[in-house]
Asker: 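Pasting a structure here, questions to come.
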Amino acid sequence: MNLFRFLGDTAHLASILVLIHKMHTTKSCRGISFKTQALYVAVFVTRYLDLFYRWVSLYNFFMKLFFIGSSCYILFLMKTKFRPTQDPAIDTFRIEYLLGPCTVIALIFNYKFSPTEILWSFSIFLESVAILPQLFLLQRTGEAETITTHYLAALGIYRALYIPNWIYRYFTEGVVDPIAITAGLVQTGLYIDFFYVYVTKVLQGQKFELPA
Amino acid sequence: SDHSHKHDEL
């Protein structure tokens, strides 16, 4: 464990708490893509199957439980309490276009051709693109509540911090995980456009609005 | 040893 990864995980945890806080305080999940949230459940469940057979650390164990539990809780809130505030008409990204290619790529690129390793690869590739329905929704509406942008910013920071973590691990432990690194770079890249608007508008106290 | 199988990150 190094500081970059710890802060990255903390940002990830914070992003989820921000999202849950947004839903409870605004009593709404407006502007949140159900599809992205559902993809995150798929990501966590397929990746953390190793809860049953691999012990890493107490930290790792509880974080995994938190990510699975909180992502399921978010889906539950979106399907029950806040269902009326959800607008499927604007959440139109076709997730088959993500699930299909991720399945194929996971079958080709994995560390071992075994069910759990293929699912692990799948979860890494799927996480890298799971934010796309959310960014697509944002693009369609052209604006976002400030709290929603803080959620996305925290997620982006989480991904960005994993990059110095890998550089650090390469030099200190000689560890290289090409699958995680490739997918992670793609994932971080997806946030660049968002971050430009976040820094130039939201952090200057303006509303998040995309140029027409 | 092959560290790529460690899967110790979240």
Asker: Check K27(A) against T85(A) and note the closest heavy-atom contact, atom names and distance.
Answerer: O-CG2, 3.6 Å
Asker: Considering only heavy atoms, which portion of F44(A) lies under 4.5 Å from any heavy atom of chain B: side chain, backbone, both, or neither?
Answerer: neither
Asker: At a 4.5 Å cut-off on heavy atoms, which part of D9(A) comes close to chain B: side chain, backbone, both, or neither?
Answerer: side chain
Asker: Tell me the closest heavy-atom pair linking T148(A) and R30(A), and the distance in Å.
Answerer: OG1-O, 4.5 Å
Asker: Would you say the side chains of N60(A) and D8(B) form a donor-acceptor pair under 3.5 Å?
Answerer: no
Asker: So which part of W166(A) gets closer than 4.5 Å to some heavy atom of chain B, the side chain, the backbone, both or neither?
Answerer: side chain
Asker: Which atom pair, heavy atoms only, marks the closest approach of C102(A) to V129(A)?
Answerer: SG-CG2, 4.0 Å
